[in-house]
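Starting from 1, each residue takes its place in the sequence as its number.
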Amino acid sequence: MCKGLAALPATCLKSAKDMKHRLGFLLQKSDSCDYSSSQGKKEKISSSQRLSQEEVRKWADSLENLIHHDRGLAAFRAFLKSEYSEENIEFWVSCEEYKKTKSPAKLSPKARKIYDEFISVQATKEVNLDSCTREKTSHNMLEPTLSCFDEAQRKIFTLMEKDSYRRFLKSPYYLDLISPPGAGCGPENCKRNHTHSLDCNSNIISQCA
């Protein structure tokens, strides 16, 4: 040990060692975060590439196929957001999550949160329900069960199915994935363009995934 260090008090030497240890830990943590971030980006890109034409075509078969597919749900949510009507799909998703509640003690507070957010007169994201369904759902709040939102959820599903879902299938949010621009050449080129479109246009749905 050099003379200068030897002359320092033991407490100062200990503080210096502690600081060195902390710096080493922070650098190691930073490297770990960078690696995790890099891995996450790679996984996201890989996930986007796995979206096939066959999967996208199935979205046009039914609304159920669309919203039960993670990427389809994200695309549909983005479309509804562009029309300022995302409360419908948010309510549907909230009902799906509510029905997975396992603890009876959590049913009432979760039900009340959904009701206040989507159904009550002062709801911040009020969905379009007829008075009969709204009244029945309000009555269900007295003793919430896993099925207390079933009828309201069905009504909103039907509303989306007959209205916004049909517009979605004619919108760029869907057409850019299934029919890329300039795909009017031979079968091989069309196939290649379709694949290219899935990669290039995946940003439409990755923003909400």
Side-chain angles (χ1 to χ4, degrees), residues 44 47-48 50-52 54-178 201-209:
K44 191 171 183 178
S47 179
S48 296
R50 285 198 296 269
L51 184 62
S52 70
E54 185 179 354
E55 288 176 307
V56 177
R57 287 194 187 95
K58 286 181 180 178
W59 298 353
D61 291 341
S62 68
L63 175 59
E64 189 171 358
N65 283 353
L66 173 66
I67 60 181
H68 279 94
H69 188 288
D70 289 342
R71 297 279 173 172
L73 176 61
F76 190 52
R77 190 195 294 267
F79 168 72
L80 290 180
K81 191 172 183 179
S82 74
E83 291 199 333
Y84 303 98
S85 60
E86 65 268 27
E87 69 276 359
N88 289 327
I89 193 63
E90 287 182 11
F91 172 66
W92 185 88
V93 170
S94 295
C95 291
E96 287 296 290
E97 293 175 351
Y98 173 78
K99 288 187 285 188
K100 297 175 184 176
T101 305
K102 295 181 179 179
S103 172
K106 293 181 179 180
L107 284 178
S108 185
K110 282 188 176 183
R112 177 52 58 180
K113 183 179 179 181
I114 293 174
Y115 181 82
D116 290 343
E117 188 173 7
F118 298 102
I119 299 176
S120 73
V121 178
Q122 297 180 338
T124 55
K125 300 177 182 179
E126 186 179 358
V127 291
N128 187 14
L129 291 172
D130 60 88
S131 57
C132 183
T133 303
R134 192 180 299 275
E135 185 177 343
K136 183 176 181 180
T137 306
S138 298
H139 179 73
N140 291 341
M141 289 299 97
L142 299 174
E143 293 183 15
T145 64
L146 289 176
S147 61
C148 66
F149 294 110
D150 282 2
E151 185 170 344
Q153 187 184 19
R154 277 195 299 271
K155 290 293 177 71
I156 294 303
F157 179 90
T158 301
L159 180 66
M160 291 190 295
E161 187 177 40
K162 292 181 177 179
D163 186 27
S164 50
Y165 171 59
R166 294 180 181 179
R167 289 198 305 277
F168 167 78
L169 295 178
K170 297 176 182 178
S171 76
Y173 289 85
Y174 181 72
L175 295 179
D176 283 357
L177 292 171
I178 200 67
N201 293 291
S202 60
N203 64 316
I204 291 177
I205 55 180
S206 63
Q207 292 175 358
C208 300

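A search for side chain to side chain donor-acceptor pair (under 3.5 Å) contacts involving Glu64 returns nothing, not counting sequence neighbours. When the ring-ring contact (aromatic ring centres under 6.0 Å, His included) test is applied to Tyr98, the partners found at least two apart in sequence or on another chain are Phe149. For Glu135, there are no salt bridge (charged side-chain N to carboxylate O under 4.0 Å, His left out) partners, not counting sequence neighbours. Shown here are the side chain to side chain donor-acceptor pair (under 3.5 Å) partners of Asp130, two or more places apart in sequence or in another chain: Thr133, Lys155. With sequence neighbours left out, Glu126 forms a salt bridge (charged side-chain N to carboxylate O under 4.0 Å, His left out) with Arg134. Not a single side chain to side chain donor-acceptor pair (under 3.5 Å) links Ser108 to another residue, sequence neighbours left out. The ring-ring contact (aromatic ring centres under 6.0 Å, His included) check on Phe168 picks up Phe76, Phe79, Tyr174, with sequence neighbours excluded. Considering only residues two or more places apart in sequence or on other chains, Lys58 meets the side chain to side chain donor-acceptor pair (under 3.5 Å) condition with none of them.
Summarising the geometry of Ser94 relative to Ile114, their closest heavy-atom pair is O-CD1, 3.7 Å, with the distance given to 0.1 Å. The nearest pair of heavy atoms linking Pro109 to Ala105 is CD-O, 3.5 Å. Nearest heavy atom pair, residue Ile67 against residue Leu73, reads O-CB, 3.8 Å. The two residues Leu80 and Ser164 make their nearest non-hydrogen contact at CD2-CB, 3.5 Å. Minimum interatomic distance between Asn128 and Ile156 (heavy atoms only, all atoms of both residues): O-CD1, 3.7 Å. The minimum heavy-atom distance linking Thr145 with Leu107 is given by the pair CA-CD1, 4.4 Å.
No side-chain heavy atom of Asn140 sits under 4.5 Å from any side-chain heavy atom of Glu151. Counting heavy atoms from C-beta on, the side chains of Arg57 and Ile178 come closer than 4.5 Å.
Between atom CZ of residue Arg154 and atom CG of residue Asp150 there is a gap of 5.5 Å, rounded to the nearest 0.5 Å. For the atom pair CZ of Arg166 and OG of Ser171, the computed distance is 15.0 Å after rounding to the nearest 0.5 Å. For the atom pair Ser120 OG and Met141 CE, the distance stands at 11.0 Å (nearest 0.5 Å). Residue Lys81 holds its NZ atom at 14.0 Å from CD1 of Ile89, rounded to the nearest 0.5 Å. Remark: Glu83 CD to Asp163 CG distance equals 7.5 Å, nearest 0.5 Å.
Atom NZ of Lys136 has 12 or fewer neighbouring heavy atoms from other residues, nucleotides or ligands inside a 6.0 Å radius.
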**Message:** Determine whether Arg77 and Val93 satisfy the following criterion, side chain to side chain contact (heavy atoms under 4.5 Å, CB included), listing intermediate values before the conclusion.
**Reply:** CA-CA 10 Å; Arg77 190 195 294 267; Val93 170; 3.9 Å; yes
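The backbone N or O of Asn65 sits less than 3.5 Å from a side-chain atom of Ser62, completing a donor-acceptor pair.
The pair Glu55-Arg71 fails the salt-bridge criterion, with no side-chain N (NZ, NE, NH1 or NH2) lying under 4.0 Å from an Asp/Glu carboxylate O.
The salt bridge (Lys or Arg N to Asp or Glu O under 4.0 Å) analysis of residues 110-124, with sequence neighbours excluded, yields the pairs Arg112-Asp116, Glu117-Lys125. Sequence neighbours left out, the pairs with a member in residues 114-145 that pass ring pair (Phe, Tyr, Trp, His ring centres under 6.0 Å) are Phe91-Phe118.
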